[in-house]
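Below is one structure, written out as structure tokens; the observations come after it.
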Amino acid sequence: MARTIIPFGPQHPVFPEPLHLKLVLEDEIVKEAVPALGYVHRGLEMLADIRDYHQMIQICERVCGICSTIHAQCYCQGIEELMGIEVPARAKFLRVIWAEIHRVQSHLLWLGLFADAFGFESLFMQCWKIRERVMDINEATGGNRVNVSVNIIGGVKRDLAPDMTRWILSELDLVEQEVKRLEKVLLHDYTVKKRTVGKGVLTKDQALELGAVGPTLRGSGVAQDIRQLGYAAYGDLSYTPVVAKDGDAYSRNRVRFLETYQAIALVREAISKLPPGEISVKVKGKPEGEIVSRVEQPRGELMYYIKGNGKKNLDRLRIRTPTFANIPPLLSMLPGIELADVPVIVLSIDPCISCTER
Amino acid sequence: MLNTLLFVLILGPFIAAALCFVVRIRHIRSFIVLAMACLLAAASLLLFVKGPFSHTPPSLLGIPTHWWILWGDDILLFTMLYYGFKHRHLLTKILVIFQIVCLDYFELFMVDHSKTFPLFVADNLSLIMVLIISIVGSLICVFAIPYMDKHEEKEGFQKSRQPKFFAFLVVIMGAMNGLVLSNNIIFMYMFFEVTTLGSFMLISYDRSEIALRNAVRALWMNCLAGAAFIVAMVCAYVTQGTVDAQKLIQAGHMGGIMLTPLALLCFAGLAKAAQIPFQSWLLGAMVAPTPTSALLHSSTMVKAGVYIALRFAPGYAGTFLSQCLAVYGAFTFLAASAMAVSQSNGKKILAYSTIGNLGLIFACAGINTPEAITAGILLIIFHAFSKALLFLCVGDIEQHIGSRDIEFMRGLYAKMPRTAIVALLGIITMMLPPFGVLLSKWMAIEAASKHLFVMVLLAVGSSLMVMYWARWAGILLSAPYGSQVTPERQGVLTRLPLLVLVGGAVVLSLCAPLLYSNLVAPILSAPSFSVRAGIFDNPTGAFLLYPVILVLGLGFICALYAARKARKARTSGPYLSGAQTKDPECFEGPMRKPVAVSSQIYYFESIFGEQRLTVWFNIFGGMFLALLIGGAL
Amino acid sequence: MTEGIIVFNMTPNVLRNFFSKSATRLYPKETRETFGNVRGELYNKIEACIFCRTCARKCPSQCITVDTKEATWQCDPFVCVYCGVCVENCPKKCLYQKNEYRKPAIEKEVIFMKGEIKKEKTEEDQQEK
Amino acid sequence: MKEEVISVTPDTLGNKIAEMKKNGYRFVTMSCVELDSDTVDILYHFDKNLELAHFRLTIPKNEAAPSISPVYFAAFLVENEIQDQFGIRFDGLAIDYNRTLYLEEEVQRAPYCRITVSNVEGSEGD
Amino acid sequence: MIRGAILVTIGVVVAPLLGGLIAGVDRRLTAWFQSRYGPPVWQPFFDVMKLFGKEKLVVNGWQVFCAYIYITAAMLSVVLFFLQSDLLLILFVQAVGAIFLVIGAFSATSPYSQVGANRELIQILTYEPLIILAFVGIYLVTGSFKISQVLLQTKPLLASLPLLYIALCYALTIKLRKSPFDFSTSHHAHQELVKGFLTEYSGPYLALVEIGHWYEVVLILGLCSLFWATSWIGIIVLVGLTYLCEILIDNTMARMTWRWMLGYVWTIGLAMSFVNLIWLHGR
Amino acid sequence: MDTIKTFIRKSRIKSPWLLHFDCGSCNGCDIEVLACLTPVYDIERFGIINVGNPKHADLLLVTGTVNHRNKKVLGNLAEQMPEPKIVVALGSCGLSGGVFREAYNVIGGVDKIIPVDVYVPGCPPKPEAIIDGVVTGLAKFAQKKGDTS
Ligand code: SF4
Ligand code: SF4
Ligand code: SF4
Ligand code: SF4
Ligand code: SF4
Ligand code: SF4
Ligand code: SF4
Ligand code: SF4
């Protein structure tokens with residue numbers, strides 16, 4: 001029987017990013033989905049050859065425009081570990097603050113896009129409206145809405161003054177209030193549940209076997225989060241992973257939604273415990289040796305493999321981003337679903353192609 | 001004059017059939033068929049001009065007519081019995097033997113042949129039927145001449161089976177003419193049985209295993225109809241003492257005494273018209289060459305079924321039977337439309353559409369108001385033209401592209417633009433205003449509006465119908481991007497019937513007011529509509545036929561003009577998310593491989609899957625039938 | 001999980017939106033003051049520049065060209081990613097970023113500045129050597 | 001690296017990987033590093049309850065490495081990536097993009113092999 | 001005669017203007033519901049005029065043909081409405097347009113357009129029975145399918161046809177292409193099918209389709225107005241409230257799938273219609 | 001006739017429908033484009049709708065670097081847009097390749113493939129800057145001749 005074959009992307013209105021899927025359908029049921037990548041591949045890991053290891057911070061930050069600061073943080077932590085640099089405590093807390101603010105921003109962004117994927121336009125608008133407050137915090141603290149560029153090797157380059165932290169807290173209160181108003185919609189609305197519950201189920205075993213990370217993994221009932229390792233200042237903060245057990249799009253949605261509250265709480269706690277002191281130390285020498293550095297991005301575990309050889313250019317920089325790890329699980333979810341659910345399920349892993357392909 | 005016309009219309013085809021069978025030279029056979037087609041068409045027109053009549057022709061060769069009939073019946077039934085034995089089909093044997101016994105006893109010992117009454121009576125309904133049978137049927141026969149040559153060539157038969165094929169093709173037309181003109185129900189019965197045998201022979205034409213199986217199925221189901229017919233005759237004679245159809249109708253249901261024969265007659269009609277649960281024989285008939293299907297579906301055979309129901313409609317007006325028939329017909333309409341949705345086989349879609357439309361006609365007969373009867377009669381006319389046209393188109397397309405699957409008709413416009421347009425017109429005349437089928441449907445729906453249940457069934461059914469037609473129409477027009485449209489070559493004997501039929505389908509729709517006021521209105525108990533300036537009007541509603549035609553026609557001309565002008569516009573391939581390759585209908589897929597896009601229409605197997613639905617619908621249909629007969633007993 | 005299934009949960013939110021002022025900033029009709037330390041357009045107070053090339057070397061985007069002989073400082077604002085690294089590293093603090101963003105342009109452009117050679121060398125420059 | 005890196009050979013790799021899977025390790029990723037003009041290191045990273053484990057496979061560039069994607073399906077993506085970037089071939093890939101995962105015809109050489117260009121043509125395969 | 005001419009003019013000229021205005025107000029209100037400022041209410045007219053000024057770009061000539069038939073049929077159905085003609089006839093004429101639009105979509109090889117066309121057919125399949133049954137309800141109350149008879153009523157139809165009105169609102173939501181039923185095409189095309197069955201229509205032809213859509217909106221709102229045709233205030237209140245509800249529903253619901261729609265609307269919608277009809281019948 | 005032409009011209013700048021193509025951006029620019037659609041910036045005020053279909057679009061917003069794979073897509077999209085149209089390149093990446101312009105798979109800015117009408121610098125440009133870019137583009141748009149018949 002003839003089948004419908006659709007190119008889903010690279011340019012497609014539901015995915016801002018050039019994700020390309022070849023979809024084979026029968027009566028709108030997906031029979032086969034094969035991804036084609038490479039539309040965003042730049043080859044930026046190779047830039048380590050011509051940029052020194054300080055300049056690479058800016059490149060790493062631009063692996064992705066949504067969790068920019070966390071990339072820089074991961075990279076800096078890796079180099080610091082290689083070179084044996086001890087970062088001042090205040091810097092560690094500041095890193096957490098910016099990272100968690102980014103997480104709030106990223107999750108709100110995702111909640112909106114997710115809503116748009118199932119055609120809930122006003123919800124999309126609402127999420128993004130709330131998100132603008134967080135973007136303002138970014139711009140006010142880092143000087144740019146997206147690439148806050150605060151991380152440097154040895155610490156951070158900007159500090160938060162007390163009146164700034166006070167303002168951040170008051171803004172976050174407003175954000176939290178508004179997010180709370182969406183709880184009834186995103187977690188309990190009939191139409192939302194109808195479109196998400198039971199869609200794209202990934203069982204716990206599958207999730208582990210296929211190497212899922214982040215909310216995709218936690219949505220399948222595995223309480224695993226790199227923040228449990230206590231890097232930066234997480235060891236001093238109260239943190240337990242948010243978990244949902246059903247493994248469907250709804251569970252992943254639930255995890256992210258609740259993590260938004262959690263991230264706000266973490267920022268509050270970090271600000272309240274913010275120690276005084278220096279924000280960076282001077283760096284001497286060149287990195288040598290190899291290291292794996294991991295942090296938790298909004299989308300999950302981010303891993304940098306860094307190999308230095310005592311020169312100012314790194315020998316090898318390899319970035320394994322969360323979406324890269326979540327694509328095999330995604331492929332296992334697609335067959336058998338409806339065409340209309342393709343955007344919902346693809347978005348449910350919060351895909352970021354730009355960092356997947358680098 | 002009348003005698004000659006009747007002779008030509010009824011016996012002419014039989015003689016032509018005999019000639020076809022005997023003279024085994026292709027060209028002569030073609031000539032005979034052509035000549036007979038012309039003759040039939042001319043005779044039907046002449047008969048039509050003469051108008052309604054009651055007439056008893058002189059007996060043939062001095063032998064009383066009823067003897068001819070008896071012999072004819074016996075020959076027929078014994079032939080059927082022979083095939084029953086040949087194919088070892090028990091049910092057929094039982095049914096045929098039952099008929100032989102009943103019929104012979106009835107004719108020899110019960111019927112008083114000395115009573116005289118006009119043997120042939122024609123009112124407008126009969127005349128319309130004769131016209132349809134003779135003209136549409138003849139066109140199909142003409143189309144069959146080149147078609148069968150190609151068909152046999154393709155199938156690679158050693159020995160041509162065309163003589164037999166054409167013989168039965170024309171015989172059916174004669175039988176149908178006889179059926180609709182007869183006033184003696186024994187005559188009716190005989191002609192009824194001729195069509196049964198004829199269809200059996202035509203369906204089994206290919207002699208493949210499946211063809212034989214389907215033919216036998218058609219045979220026993222129609223024998224069941226025949227058996228019901230005989231029982232009805234006997235009952236009717238017992239209560240009324242006559243076999244005069246006019247008298248039986250006038251007698252009405254007589255407080256229920258006459259209801260049993262009427263119900264049985266309806267049953268015979270329903271089985272013959274392949275209403276659920278008998279649809280399988282008509283679907284099976286698809287294995288025969290397309291002209292057979294066209295003939296069985298449009299102007300003959302199944303139309304015999306609805307003809308009987310309509311003919312006897314006044315007899316059961318206002319009874320439970322009538323109510324039941326209305327619901328049953330509407331149910332069939334819905335069921336057939338639903339099942340058509342899951343089909344991709346073009347002929348099967350047409351078959352289900354036929355069943356559905358016949359259901360609608362039965363529903364009209366059941367509703368039994370003047371509006372409903374008007375709707376039913378008009379539907380017979382318009383349906384015949386459009387359906388014959390569509391079948392012939394599918395046949396022609398199948399011979400060109402090698403498939404009757406509508407999925408494979410994508411891009412047809414590029415390969416066979418003329419046929420594609422003709423088929424498109426056929427589809428549009430089946431479903432959209434201002435064309436006749438829709439006009440009749442409108443009448444039917446308005447007439448049904450008091451019958452809630454019927455109404456709901458019709459409303460849902462007609463939407464389903466729109467669905468399967470619309471997508472087919474769309475597919476016919478799809479052409480690969482930037483393709484060169486090259487008109488196909490067609491022989492004159494292929495093109496002529498198509499053109500006449502499409503012309504008929506369109507022009508007759510325009511003449512609907514004339515048809516109504518001159519043909520239909522006179523036979524109604526009360527006029528259902530007032531027609532002025534092409535506007536059908538009655539207190540229930542109004543159909544502004546001519547104004548709608550005028551505006552849509554103007555729009556059509558503008559649209560054509562604009563489409564022509566748009567040829568100069570820049571063209572661009574379909575949107576493929578920006579990934580299209582040099583070939584604009586391929587996109588660059590994974591591994592840099594070009595992937596040709598393709599589309600499939602939705603068959604909703606999970607909702608409208610044929611097999612699942614068939615089971616349920618057969619159960620429902622059977623229940624309705626039981627109710628229909630049981631209620632009448 | 002105790003949540004019931006309810007429809008129209010979004011209603012309070014949209015009604016609140018409906019009855020309150022829209023969140024829209026009517027840019028460009030109304031403009032909002034930018035935050036204090038925003039990293040906007042990049043400029044050089046060329047009088048102070050000593051053409052030490054630190055900025056050019058440190059720039060991760062390699063968009064600054066300094067000609068020590070001709071005493072020119074050139075930056076491609078279409079390549080610059082406004083990261084501020086050059087500003088932080090300039091020994092003379094002559095580079096600065098405005099709070100405003102650079103305006104869109106119809107043509108490609110470069111920032112070209114010509115200054116005068118000053119005799120003194122910076123520490124850092126010597127260090128690098 | 002903080003954790004121990006266990007060296008494996010193409011022959012022992014299969015067993016090791018199967019063992020990891022049996023012990024419930026999650027596949028994290030692989031990293032490929034060019035060592036010199038002829039050899040590369042392929043590192044396999046695994047994780048169990050946030051504990052990392054690494055294997056190191058050192059192989060010549062023009063020799064095909066065994067694919068672990070039949071065991072850990074998730075590895076197919078990174079193996080294809082390495083094929084693209086280093087020109088190394090993997091045997092038995094679950095889905096083989098045949099060096100087209102990221103790259104178009106325009107990028108002729110394996111971009112991550114900076115030390116030699118000469119071997120690349122040979123290792124580009126069919 | 002003069003009255004007829006005036007009504008025809010209203011149908012042909014005023015209806016699209018009204019439809020465009022409604023679309024503009026709709027976009028503005030939607031924006032307000034989303035805490036946005038929104039476009040000017042004249043925006044739809046700018047859009048259409050701009051489209052008329054665009055380059056003609058076609059995938060195949062049949063789409064052009066279909067766009068013209070669509071607008072003709074839509075216009076005719078509105079004219080018939082203003083001429084107080086037969087309700088069923090109006091529906092059928094309107095269907096000509098809807099069907100031709102689908103045929104046009106099928107005639108292009110774009111898979112988005114094809115899938116959209118299939119979905120549009122399902123939508124037609126879903127709303128047509130509801131509208132027909134609403135008309136039967138009207139018939140049962142007035143004894144006729146003619147609008148002229150409806151206007152002679154002294155009691156608003158809504159009183160006897162409340163459930164049918166709700167069922168009609170389902171049809172209205174589908175026709176207006178609003179959430180949860182905006183899956184064959186939607187106004188802003190942020191969906192899995194790009195612009196669904198309108199994907200391949202562009203420039204002036206898209207403008208025609210847009211104007212045709214305005215006609216349809218006026219028609220279907222007109223049908224709603226029949227339910228309180230006894231007074232102008234009634235009409236305005238009923239239609240205004242209905243439309244406001246539509247916008248609200250659009251903004252408080254996710255887009256559902258056609259499988260859900262077919263199941264839901266057919267069971268709930270047909271059941272409500274049937275209950276209402278039986279109640280009428282029994283009266 | 002002339003009034004109609006003027007009205008069409010006027011409509012053109014009042015109703016630029018937008019097509020956004022992420023040509024390998026880091027998402028920074030992308031998300032800012034999306035942010036423009038949302039309540040705080042609401043570019044629908046200018047009649048802008050994100051249509052996501054080149055055949056309906058007047059305004060092509062491109063973010064990100066051009067690479068060997070997406071250059072074909074970029075060309076295809078521009079080709080499928082009916083005249084008159086304008087192309088706005090966003091962010092350092094879209095203008096020149098930005099920080100990535102020396103990476104091996106990066107060709108450079110958008111103007112390497114299709115003519116660009118407006119360049120909006122920034123990394124990423126703020127939504128305000130994107131609005132400015134669009135407004136600048138519209139001024140140019142009104143001048144473009146197209147099929148005004
Ligand atoms: S999922 Fe990716 S493409 Fe979509 S908005 Fe997020 S970052 Fe952009
Ligand atoms: S997953 Fe990657 S691309 Fe996506 S937001 Fe994070 S870093 Fe950016
Ligand atoms: S986790 Fe993602 S959003 Fe958060 S800082 Fe890292 S990259 Fe940015
Ligand atoms: S997919 Fe390949 S073979 Fe098929 S039409 Fe396109 S180029 Fe030709
Ligand atoms: S770093 Fe400062 S002083 Fe040195 S060249 Fe640059 S701008 Fe001039
Ligand atoms: S701001 Fe950053 S990118 Fe721009 S010139 Fe300075 S260092 Fe280079
Ligand atoms: S209004 Fe809604 S549907 Fe339209 S483009 Fe925006 S998000 Fe998409
Ligand atoms: S210009 Fe900056 S923000 Fe925009 S895509 Fe490039 S790196 Fe990302």
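Fair warning: this is a prediction, and the values are worked out from it, not measured in the lab. Chain identifiers are assigned alphabetically (A, B, ...) following the order of the sequence lines, protein sequences preceding nucleic acid strands; residue numbering begins at 1 within each chain.
Residues forming a salt bridge (charged side-chain N to carboxylate O under 4.0 Å, His left out) with Glu259(A) (at least two apart in sequence, or on another chain): Arg218(A). Under the rule for a side chain to side chain contact (heavy atoms under 4.5 Å, CB included), the partners of Pro343(A) that lie at least two apart in sequence or sit in another chain are Phe8(A), Val14(A), Phe15(A), Ala117(A), Glu192(E). Shown here are the ring pair (Phe, Tyr, Trp, His ring centres under 6.0 Å) partners of Phe118(A), two or more places apart in sequence or in another chain: Phe114(A).
When heavy atoms are compared at a cutoff of 4.5 Å, Leu19(F) approaches chain A solely by way of its side chain, counted from C-beta outward. Using a 4.5 Å cut-off between heavy atoms, Leu37(A) touches chain F through its backbone atoms (N, CA, C, O) alone. Of the two parts of Cys29(F), neither the backbone nor the side chain holds a non-hydrogen atom closer than 4.5 Å to a non-hydrogen atom of chain A.
No side-chain heavy atom of Val146(A) sits less than 4.5 Å from a side-chain heavy atom of Ile31(F).
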*Any chance you could lay out the side-chain contact (heavy atoms from CB on, under 4.5 Å) test for Val99(F) and Leu47(A), step after step, and finish with the verdict?*
CA-CA 9 Å; Val99(F) 264; Leu47(A) 286 174; 5.7 Å; no

Cross-chain donor-acceptor list, chain A and chain F, 3.5 Å limit, no angles:
from      : atom 1 : to        : atom 2 : distance (Å)
Gln11(A)  : NE2    : Gly52(F)  : O      : 3.3
Glu17(A)  : OE2    : Asn27(F)  : ND2    : 3.1
Leu37(A)  : O      : Arg69(F)  : NH1    : 2.4
Gly38(A)  : O      : Asn67(F)  : ND2    : 3.1
Tyr39(A)  : O      : Asn67(F)  : ND2    : 3.4
Tyr39(A)  : O      : Asn70(F)  : ND2    : 2.7
His41(A)  : O      : Asn67(F)  : ND2    : 2.8
His41(A)  : O      : Asn105(F) : ND2    : 2.9
His41(A)  : NE2    : Tyr104(F) : OH     : 2.6
Arg42(A)  : O      : Asn105(F) : N      : 3.3
Arg51(A)  : NH1    : Glu102(F) : OE1    : 3.3
Arg51(A)  : NH2    : Glu102(F) : OE1    : 2.4
Gly65(A)  : N      : Cys26(F)  : O      : 2.5
Glu132(A) : OE1    : Tyr41(F)  : OH     : 3.3
Glu139(A) : OE2    : Lys126(F) : NZ     : 2.9
Asn144(A) : ND2    : Cys123(F) : O      : 3.4
Arg145(A) : NE     : Glu32(F)  : OE2    : 2.6
Arg145(A) : NH1    : Tyr41(F)  : OH     : 3.1
Arg145(A) : NH2    : Glu32(F)  : OE1    : 3.1
Asn147(A) : ND2    : Cys123(F) : O      : 3.2
Ser354(A) : OG     : Cys26(F)  : O      : 3.4

